[in-house]
Amino acid sequence: MKITAKTLAPIAIVAAFGLGTLAPHAQTPAQKIGFVNVSTLLTAHPNDKDIKAIQAKADAELQSLDTQVKAIDAKGAAATAADKQQRDTLVKTIQAKAADYDKQIEPKITAVEKAVDAAVGTIAKSNGYAVVMDRDVAAKSGLVIYADPVTDVTAAAVKALKP
C-alpha cells in the first residue's frame, strides 16, 4: 500500500489540530492569586492615628458650624436678611476649614497608601503571587465567591508595614 499526500492530508490536519489545542495548556503556568484586607492594612499603619485625630477634630469643628447652618435653614421663609448673611458666612467658613483639613490630611493618606502598596507588592513578589486583590472588594462585587484562607496575605503585609 502506497501512502500518498491525499491519504496523509486528513491525518495531518487532525494531528495538527489536536496538538494545537494542547500546546497552550502546556505552556501556561498556573498563576498564584492572593488576597488582603486593605482596611486592616490601612489601620495598621502608624500614621492612621494621626489621620483619625485630624478627622475627629475636623468633624467636631465642622459639625458645630453645620448645626448653625441647619438652624437657619429650619427658619425657612422666616429667616431674616441677617440670618441669610450669617448663613452665607458660615457656609464659606465651613468650606475654608474643610479645605484646610484636607490639606493637612492629604499627605498623610498618600503616605499610608504608598506604604500599603509597597508592603503588598513586597509580599506578593517574595511569595510568587501574580495577583493580589482586596478581599472585601472581590467578595462584594461577586468577582470571587470562595478563596482558600491560605491565600490571605494580610498578616504578612501588616508585618511588612511595621518599621
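Scope of the values below: all heavy atoms of this structure, side chains included, with no hydrogens, waters or symmetry mates.
- Taking the side chain as every heavy atom from C-beta outward, V131 and Q31 never approach each other to under 4.5 Å.
- Note on K92 versus D88: no salt bridge recorded, every NZ/NE/NH1/NH2 to OD/OE distance being 4.0 Å or above.
- Across all their heavy atoms, T40 and T43 have their closest contact at O-OG1, 3.1 Å.
- In this structure, T151 contributes its side chain and A147 its backbone to no donor-acceptor pair below 3.5 Å.
- The closest side-chain heavy-atom distance from L41 to H45 is not below 4.5 Å.
- Under 4.0 Å is where a charged nitrogen must lie from a carboxylate oxygen, and between K70 and D66 at least one such pair does.
- Checked against salt bridge (charged side-chain N to carboxylate O under 4.0 Å, His left out), D59 has no partners two or more places apart in sequence or in another chain.
- For K57, the NZ atom sits in a loose shell: 12 or fewer heavy atoms of surrounding residues, nucleotides or ligands are nearer than 6.0 Å.
- Contact detail for A160 and A119: the closest heavy-atom pair is CB-CB, 3.9 Å.
- Considering only heavy atoms from C-beta on, R87 stays 4.5 Å or farther from Q68 through its side chain.
- Under the 4.5 Å side-chain heavy-atom criterion for ILVMFWY residues, a single connected hydrophobic cluster contains both I72 and I94.
- Taking CG from L62 and NZ from K97, the interatomic distance works out to 8.0 Å, rounded to the nearest 0.5 Å.
- In plain terms, the two heavy atoms of F35 and A138 that are nearest each other are CE2-CB, 4.1 Å.
- For the residue pair K108 and N47, the shortest heavy atom distance occurs at O-ND2, 4.1 Å.
- If you chain together hydrophobic residues whose side chains sit under 4.5 Å apart, V137 and V144 never meet in one group.
- Note that CG of D83 and CG of D73 are 10.5 Å apart. Values are rounded to the nearest 0.5 Å.
- Residues K52 and Q55 have side chains in contact (heavy-atom distance under 4.5 Å, counting atoms from C-beta outward).
- Residues V158 and V132 share a single hydrophobic cluster, defined by chaining ILVMFWY side chains whose heavy atoms lie under 4.5 Å apart.
- Both V120 and V112 are assigned to one and the same hydrophobic cluster, defined by single-linkage of ILVMFWY side chains at heavy-atom distances under 4.5 Å.
- Of all the heavy atoms in G34 and Y129, the pair that sits closest is N-CD2, 3.3 Å.
- Taking CD1 of I109 as the reference point, atom CG of D102 lies at 8.0 Å (rounded to 0.5 Å).
- In this structure S39 satisfies the side chain to side chain contact (heavy atoms under 4.5 Å, CB included) test together with N37, D136, sequence neighbours excluded.
- Here V38 pairs with V36, L42, D134 under the side chain to side chain contact (heavy atoms under 4.5 Å, CB included) rule; sequence neighbours left out.
- Here NZ of K49 is found 14.5 Å from CD1 of I54. Values are rounded to the nearest 0.5 Å.
- Going from atom CD of E61 over to atom OG1 of T93 covers 9.5 Å, rounded to the nearest 0.5 Å.
- The distance from the CD atom of Q85 to the OG1 atom of T89 is 4.5 Å, given to the nearest 0.5 Å.
- When atom types are taken as modelled, the side chain of D100 and the backbone of A96 share no donor-acceptor pair closer than 3.5 angstrom.
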